[in-house]
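Below is one structure, written out as structure tokens; comments come after it.
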Amino acid sequence: MTKTALVTGATSGIGKATAQILAKNNYKIILCGRREDRLITLEKELSAFTEVHTLTFDVRDKKAVFESINSIPEAFSKIDVLINNAGNAHGLDPIQNGDLDDWDAMIDINVKGLLYVSKAIIPQMIERKSGHIINIGSIAGKEVYPNGNVYCASKHAVDALNQAMRMDLNPYGIRVGAIHPGAVETEFSEVRFKGDTDRAANVYKGFEPLHPEDIADIIHFVVSRPYHVNIADLMVLPTAQAAATILKRDI
Ligand code: NDP
Ligand code: 8X3
């Protein structure tokens, strides 16, 4: 039977690539994000392969999250796979210089947003005693690096919530797992550096970073395992990266 996947942060990077690969592999897709123009363009592209529904909302907005998810039409309403991907880093400053709005953004989006979306979808998974949740963490959820402070804290929270969800949802047969990427070239660094594209490009200079499709491919692998297999926690790095701040650059 065709499964339905809801992907947050589908307008760019890892989420977009995940929606693309799942659409080509016969999943019905619910695309979520704030940038409606991009959702519409992607919906058109993916409609060549599958049925697509779009939801435009900010994961920080509790009311909008629940209203959007409750508005999903019947044909898409049984969500088999939830990809909790929406998130970003905002700023890269020592803690003493950190910007309060950046801190709010990271905690509200990466942690609370993930919780709101999960809270809106988990009840139907419990009712059906089936479902699969993939939380996109980060190497920043496994280690801390200088100036990464609040972003690292937010991704450590994702790591904790991933483990907690797996425990609490265990009685209901719901699979929960996290994927923790290292450096992936997306719009991530442009967002972190507030549109400074030169600074963003420097992050990926001198080595081959992961491409969003690399992570999307792995997500597809994870969700297509037989039901008795749950890939619980996976760290994926570019070959050039050994730890958050150890990168072999050829420059
Ligand atoms: P991108 O910036 O390319 O994509 C981020 C996505 O998140 C966009 O689709 C954006 O959509 C969505 N998003 C951001 N804020 C909100 C919000 N408030 N409400 C709803 N959606 C939101 O980055 P990536 O693809 O790299 O990031 C995806 C995930 O991967 C994030 O959780 C990130 O932390 C994680 N990650 C990334 C790594 C990297 O090196 N790139 C490494 C490890 C983890 P829109 O703006 O349209 O709302
Ligand atoms: C994104 C990777 O190393 O910038 O989560 O934190 S890193």
Side-chain angles (χ1 to χ4, degrees), residues 6-20 31-42 54-62 64-65 68-69 83-92 101-102 104-114 116-117 134-159 161-162 178-195 199-200 202-204 207 209-216 218-219 234-238 240-247:
L6 183 145
V7 184
T8 68
T11 58
S12 172
I14 295 169
K16 181 177 177 184
T18 302
Q20 286 169 323
L31 302 169
C32 307
R34 290 168 302 176
R35 287 169 287 183
E36 194 166 23
D37 52 333
R38 291 193 181 200
L39 291 174
I40 291 168
T41 306
L42 188 59
T54 63
L55 295 176
T56 310
F57 64 88
D58 186 325
V59 295
R60 283 174 291 196
D61 183 341
K62 212 184 288 182
V65 168
S68 298
I69 288 168
I83 314 285
N84 273 325
N85 163 75
N88 276 119
H90 295 267
L92 183 68
D101 291 336
D102 285 345
D104 282 344
M106 290 184 277
I107 290 170
D108 290 349
I109 299 168
N110 303 353
V111 184
K112 291 166 70 183
L114 180 146
Y116 298 159
V117 173
I134 306 289
N135 295 308
I136 303 301
S138 170
I139 190 171
K142 297 291 189 181
E143 48 175 292
V144 175
Y145 53 85
N147 304 330
N149 43 67
V150 177
Y151 179 66
C152 294
S154 76
K155 288 297 181 176
H156 275 67
V158 172
D159 188 27
L161 289 171
N162 180 62
I179 297 173
H180 301 280
V184 190
E185 189 164 15
T186 62
E187 292 175 13
F188 177 86
S189 292
E190 273 179 60
V191 173
R192 169 171 255 175
F193 300 129
K194 304 178 194 310
R199 195 172 172 200
N202 273 336
V203 172
Y204 310 106
F207 72 102
L210 293 169
H211 307 291
E213 293 74 18
D214 298 320
I215 300 299
I218 290 164
I219 292 173
L234 202 58
M235 167 110 83
V236 186
L237 304 177
Q241 184 171 30
T245 54
I246 301 178
L247 276 152

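Note that the coordinates shown come from a computational prediction; the quantities given were computed from them, not determined experimentally. When a ligand or atom number is given, it counts from 1 through the structure's own listing order.
Residue Arg192 places a heavy atom under 4.0 Å from ligand 2. Within the structure, the closest approach of Ala183 to ligand 1 falls below 4.0 Å when heavy atoms are considered. For Gly182, the closest heavy-atom approach to ligand 1 falls below 4.0 Å. Heavy atoms of Pro212 come nearer than 4.0 angstrom to ligand 1 in no pair at all. Not a single heavy atom of Ala89 sits closer than 4.0 Å to an atom of ligand 1. Not close to ligand 1: Thr8, with no non-hydrogen atom less than 4.0 angstrom away.
Residue-ligand proximity, Ala140 to ligand 2, at heavy-atom distances under 4.0 Å covers atoms 6 (O). Which parts of ligand 2 touch Ile139 is read off a 4.0 Å heavy-atom cut-off, strictly below it: atoms 3 (O). Annotation for ligand 2: atoms under 4.0 Å from non-hydrogen atoms of Tyr151 are 1 (C), 5 (O), 6 (O). Atoms of ligand 2 lying under 4.0 Å from any heavy atom of Ser138, numbered from 1 in the order shown and given with element: 1 (C), 2 (C), 5 (O), 6 (O).
Heavy-atom minimum distance, Thr8 versus Leu6: CG2-CD2, 3.8 Å.
In terms of N/O distances under 3.5 Å, ligand 1 is not approached by Glu185. At under 3.5 Å, not a single nitrogen or oxygen of Gly15, backbone or side chain, sits near a nitrogen or oxygen of ligand 1. In terms of N/O distances under 3.5 Å, ligand 2 is approached by Tyr145. Every N/O-N/O distance between Pro181 and ligand 1 stays at or above 3.5 Å. Looking at ligand 1, you'll find an N or O of Gly9 within less than 3.5 Å of one of its N or O atoms.
The proximity of Tyr151 to ligand 1, defined as any non-hydrogen pair under 4.0 Å, is limited to the side chain. Heavy atoms from both the backbone and the side chain of Thr11 come within less than 4.0 Å of ligand 1. Contacts between Lys155 and ligand 1, counted as non-hydrogen atom pairs separated by less than 4.0 Å, involve the side chain only. Residue contacts with ligand 1, taken as heavy atom pairs separated by less than 4.0 Å, do not involve Ala140 at all.
In the candidate list Val203, Asn88, Asp37, Asn88 is nearest to atom 14 (C) of ligand 1, counting heavy atoms. The heavy atom nearest to atom 1 (P) of ligand 1, considering only Ser12, Gly87, Gly13, is found in Ser12. Counting heavy atoms only, Asn85 comes closest to atom 29 (C) of ligand 1 of the residues Val7, Leu210, Asn85, Val236.
When the options Asn110, Asp108, Asn88 are evaluated for a side chain to side chain donor-acceptor pair (under 3.5 Å) with Ser154, the one that passes is Asn110.
With ring centers used as reference points, Phe188 lies under 6.0 Å from Tyr151.
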